Amino acid sequence: GLFALINEKLEAMGRQKTGFINPVIYEMNKKRNADVFTDIDKGDNDLMGIGVYTAQSGWDFCTGWGSIDGTRLLNYMMEYQPAAKTKANQ
């Protein structure tokens, strides 16, 4: 998946893997949501007339932060993730 590819790239560049990603996503959203996520602000989850959530600008129950751009996420992670721990720098 996406995070397996991101982790592979981070590791190849001497960075730590993503680990538990939720705090990173919330911090990232505070700083540069428009760069990493495409906000989905139209539509709903109405299936057979029982949907209760509609998309709106920003975070919402229907679409969350929106759709993610994997390349932009990797670029952000390259800035965010510290260098991987090695025996030499532990």
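Only heavy atoms go into these numbers, but all of them, side chains included; no hydrogens, no water, no symmetry mates. The model shown is predicted, which means the values in this text are computed figures rather than measured ones. Sequence positions, counted from 1, serve as the residue numbers for this chain.
- One N or O on the side chain of Asn45 and one on the backbone of Tyr53 form a donor-acceptor pair closer than 3.5 Å.
- Rounding to the nearest 0.5 Å places OG1 of Thr63 at 10.5 Å from CZ of Phe37.
- To the nearest 0.5 Å, the span separating CD on Glu8 from NZ on Lys17 amounts to 9.5 Å.
- Ring geometry, Trp65 versus Tyr26: the interplanar angle exceeds 60°, so the pair is classed perpendicular (tilted spans 30 to 60°).
- The same ILVMFWY cluster, assembled from side-chain heavy atoms under 4.5 Å apart, contains both Phe61 and Ile25.
- Taking every heavy atom of both residues into account, Ala55 and Cys62 meet most closely at N-CB, 3.9 Å.
- Side chain to side chain, Thr18 and Asn7 meet the donor-acceptor criterion of an N or O pair below 3.5 Å.
- In this structure, Lys9 and Leu74 approach most closely via the heavy-atom pair CG-CD2, 3.6 Å.
- In plain terms, the two heavy atoms of Ser67 and Ile40 that are nearest each other are N-CD1, 4.0 Å.
- Nearest heavy-atom pair, Ile6 versus Met77, reported as atom, atom and distance to 0.1 Å: CG2-CG, 4.4 Å.
- With Asp69 contributing its side chain and Leu73 its backbone, the two residues share no donor-acceptor pair below 3.5 Å.
- Annotation for Met78 and Arg15: closest pair O-NH2, 2.8 Å, computed over non-hydrogen atoms.
- Asp44 places no side-chain N or O within donor-acceptor distance of the main-chain N or O of Val52, the cut-off being under 3.5 Å.
- Atom CE of Met13 has 12 or fewer heavy atoms from other residues, nucleotides or ligands within 6.0 Å.
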